[in-house]
Amino acid sequence: MPSEDRLPIYELADDLVAALRDPAGSRRLILQAPTGSGKSTQVPQMLLDAGLLGERGRVVVLQPRRLPARMLAARVARERDTTLGQEVGYRIRLDNVTSARTRIEYVTEGILLRQMLGAPSLGGVAAILFDEFHERHLYGDITLARALGIQETTRPDLQLIVMSATLETGTLEKYLAPCRTLVSRGRTFPVTTEYLPRPAPFDRIPAWELAAEELARLAAAHPAGDALVFMPGAYEISRTLNEIRHHPRLGQWLARPLHGELPPAEQDAAVAVYPGRRKVVVSTNVAETSLTIDGVRLVIDAGLARVARFDPYRGINTLLIEKISRASADQRAGRAGRTAPGHCLRLWTEAEHADRPAQETPEVGRLDLAEVVLTLKASGVDDVYNFRWLEPPGRRSLDRAELLLRDLGALDRATGRISAVGRQMLTFPVHPRYARMLLAARERDCVRPVALLAALTQSRNLFTRSEGRKMDEDRDDLLGAEHESDFFLLMRAFRFAENSRFDPGRCRRLGIHAQGARQAAELFAQFLDIEQKHGGNPDAQKDHGRDRSEDIRRCVLVGFSDQLARRLDEGTLRCQLVGNRRGTLARESAVGKARLIVAAEVREVQQRGDELNTLLSLATAVEETWLQEMFPDDLGATEEVFFDDTARRVMVRRQRRFRDLALDEKLSDDPPKEGAAALLAEEVLAGRCPLKNWDAAVEQWIARLNALSHWMPELGLVPIGPDDRRALIEQLCYGATTYKAIKERAVWPAVRAWLSPQQQAWIDEYAPERIEMHTARGPRKVKLTYPEPGDGAPPVLAARIQELYDVTGSVKVAAGRVPVVIQVLAPNHRPIQVTQDLANFWRESYPKHKAELQRKYPKHEWR
DNA sequence: GAGCACTGC
């Protein structure tokens with residue numbers, strides 16, 4: 001049974017200290033300890049108290065989230081009876097509560113990575129503790145990799161301890177080798193797990209119905225404690241709440257939603273304790289790691305989550321519903337055992353469970369790596385492909401990141417090394433796109449608005465989800481009409497929030513997140529501060545008599561030129577983007593009428609019926625003339641000649657392009673003559689536009705020519721091959737642009753002109769169309785058929801047996817060189833025999849057939 | 001039912 005006084009981690013204290021103190025040791029340690037072991041608060045103190053930090057060294061405890069960083073620091077300070085910020089402190093973005101005397105500091109992941117950029121040998125840091133490493137955040141991965149490098153080069157004394165709750169440690173051990181692994185127990189209560197007996201028919205019964213039904217069943221069997229239901233998103237949560245609230249057997253339950261978009265007051269309401277009532281919280285992934293809810297003893301898990309991914313092939317973010325991993329399901333189940341033994345129902349079968357992935361894909365394998373790649377390049381890692389990744393990202397992800405950084409000018413085009421611009425960009429702690437925008441703003445003296453714009457995109461969505469027409473209208477009334485950029489609407493909303501001193505009530509009426517606006521204000525201040533420190537003057541708004549809106553929008557274009565889009569048609573939201581992508585402009589976008597826009601967000605989401613839709617949001621209207629001025633090298637024109645199947649004519653499509661995106665398109669029917677002839681010839685050859693006069697006789701003539709060129713090479717005849725045929729037809733089509741114009745054109749003159757009159761005469765002589773034969777009824781001209789394509793196969797003569805009685809020798813063409821193949825036909829024109837040697841036929845074959853033929857056709861003459 | 005999980009510098 002877990003006890004309050006003695007944390008399980010103490011059992012490891014001696015081993016831990018011994019391992020780190022070992023002079024022959026590697027100073028690398030993996031600490032596998034589940035939630036509640038006390039590792040986050042106790043291990044740093046063990047290091048300090050055992051003297052492992054030296055005289056004045058610090059231990060940095062890396063945290064994935066800000067709130068726990070602060071809370072843990074406060075708790076440890078309390079345990080050690082000191083003021084926060086003295087011996088124990090924390091550093092998170094915009095909040096540094098440490099001092100020169102600080103020995104234990106809780107730091108969020110991004111902060112340490114930034115620190116490594118400025119001070120690569122990490123002076124003063126004796127040890128780094130990577131807490132919650134199993135969550136595998138991007139910055140955690142990179143920070144560990146860099147820390148290993150630092151330890152191997154300038155800081156062999158640096159101690160690295162990787163702490164992880166559920167991680168399968170095999171790959172990590174290999175990665176850190178040589179290292180030691182210590183394992184500790186947790187301090188949670190047992191949780192029993194139950195699966196569905198058979199797969200849930202989610203196509204017929206939605207997950208929310210099933211969850212409510214199962215809650216009613218389990219509520220009776222487990223009479224104590226609160227419940228937690230995991231759903232993938234806000235929509236599913238609201239449906240589940242609806243089911244629960246209307247369920248006849250769940251009337252006494254208090255049901256509360258919990259997800260990140262919720263205002264803080266409602267989040268508090270979900271976490272709060274309601275004495276005397278049973279509570280069910282329906283939550284997204286927030287409750288899996290970020291928030292803990294005390295008193296939960298029952299978990300119902302739909303097993304789904306919306307997972308963000310970046311598709312490096314298309315350069316599109318996706319946010320699709322996926323099945324969670326086994327590790328994630330265990331983490332969710334554990335939420336039932338924090339205060340007492342609990343129970344977890346998984347809405348899938350045990351067999352299905354075995355098929356799920358063991359772990360979630362780490363962020364490094366699914367997110368946009370542009371920012372991380374730039375950071376690595378700044379640290380001297382020129383070849384990011386061969387960086388010491390714990391798990392290397394896909395090649396395409398790195399390609400895509402480098403491509404974007406090159407487009408932004410952050411990397412040298414030729415060498416791929418970081419450029420001066422790239423280094424300047426890194427002074428701003430934002431995605432490279434926004435950093436680049438801020439640099440562009442410096443040149444245009446509009447840093448202030450662009451800094452605000454950048455700040456507004458970093459915090460959670462400033463606008464709450466629309467809650468009906470009324471709020472939309474109020475918002476429109478107050479914020480005014482906007483046609484140039486969605487960013488401008490955000491900025492106005494921010495100004496409103498600021499003027500109302502971030503009052504949650506006033507903001508909420510307009511659907512504005514007061515908290516989000518407050519965070520944006522802090523970021524805004526940070527960006528302006530950085531600008532000032534680097535010699536800029538954010539208030540240098542010299543008035544050049546220019547349109548401020550235009551300056552700002554041009555900056556947006558600099559950061560997102562690869563997400564330029566053109567409206568496909570007026571009145572539609574469908575857009576064509578650079579990079580051969582398509583998307584739909586968000587319906588609430590203010591720039592609904594602009595023809596050219598840049599979208600700061602391109603995201604693929606699931607629509608009703610699981611259909612996928614690429615959604616363009618945070619859009620800004622841009623002008624084509626800007627492209628000309630700002631990206632002259634990326635503009636071009638194309639001219640495409642094509643055959644219009646319905647009009648049956650050759651047309652020209654002339655486009656002006658920005659990279660591969662057509663800016664406009666003009667169709668005309670004045671194609672260049674060569675191009676038109678070639679396309680018409682193509683249609684003729686494919687049989688879609690037959691030439692009336694290119695008949696069987698023409699084909700036979702070509703076959704004769706080709707055959708004769710084989711049989712009698714001394715004549716010097718040039719055969720008509722497939723290419724020549726194409727050239728001939730092209731020549732026939734020359735000057736025309738429509739099928740109508742070529743359909744009736746004369747063919748013979750052009751084909752015949754292939755040969756000189758002398759050569760034409762040879763064809764008639766040596767490969768004649770008809771040949772004279774002495775039949776029983778006298779001489780007769782019989783037609784020869786030359787097999788196509790005329791590669792030397794002999795011509796065929798078909799004749800009824802009675803016509804052949806007097807023909808004994810073989811019939812020959814090509815000056816007697818090529819015996820004609822004779823098809824001997826019965827009176828019904830069915831072939832009896834095919835032969836080049838008629839004499840042999842009369843002698844060997846004919847006698848065998850004669851009797852039967854005579855019986856069948858008694859009226860014919862049979863010799 | 002319109003179309004959105006969670007963090008972090």
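Keep in mind that what you see is a predicted model, and the values were worked out from it rather than measured. Naming: A, B, ... by sequence-line order, numbering from 1 per chain.
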Verify the contact: side-chain N or O of [X] to OP1 or OP2 of [N], cut-off strictly under 4.0 Å; return yes or no.
| X | N | answer |
| --- | --- | --- |
| A:T289 | B:dC6 | no |
| A:R66 | B:dC9 | yes |
| A:R114 | B:dC9 | no |

Could you check whether [X] gets within reach of a base, just the sugar-phosphate, or nothing at all, counting any heavy atom under 4.0 Å?
| X | value |
| --- | --- |
| A:E371 | base |
| A:I111 | sugar-phosphate |
| A:R65 | sugar-phosphate |
| A:V605 | sugar-phosphate |
| A:I92 | sugar-phosphate |
| A:A308 | base |
| A:Q526 | nothing |

Could you check which of [options] has an atom nearest any side-chain atom of [X]?
| X | options | result |
| --- | --- | --- |
| A:R306 | B:dG3, B:dC4, B:dC9 | B:dC4 |
| A:L615 | B:dC6, B:dC9, B:dC4 | B:dC4 |
| A:R366 | B:dC9, B:dA5, B:dC4 | B:dA5 |
| A:Y139 | B:dC4, B:dC9, B:dC6 | B:dC9 |

NZ/NE/NH1/NH2 to OD/OE distance under 4.0 Å, A:R146 and A:D141: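 Between A:D141 and A:R146 there is no salt bridge, as every charged N stays at least 4.0 Å from the carboxylate O atoms.
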Any residue meeting side chain to side chain contact (heavy atoms under 4.5 Å, CB included) with A:P206, in chain and number order, not counting sequence neighbours: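 Side chain to side chain contact (heavy atoms under 4.5 Å, CB included) list for A:P206, sorted by chain: A:W208, A:E209.
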Between A:F494 and A:F487, ring centroids under 6.0 Å: no
Any donor-acceptor N/O pair, A:N613 side chain to A:L615 backbone, under 3.5 Å: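 Judged by distance alone, no pair lies under 3.5 Å.
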Check: B:dG8 base within 3.5 Å donor-acceptor of A:Q458 side chain: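 Per atom types, no contact qualifies.
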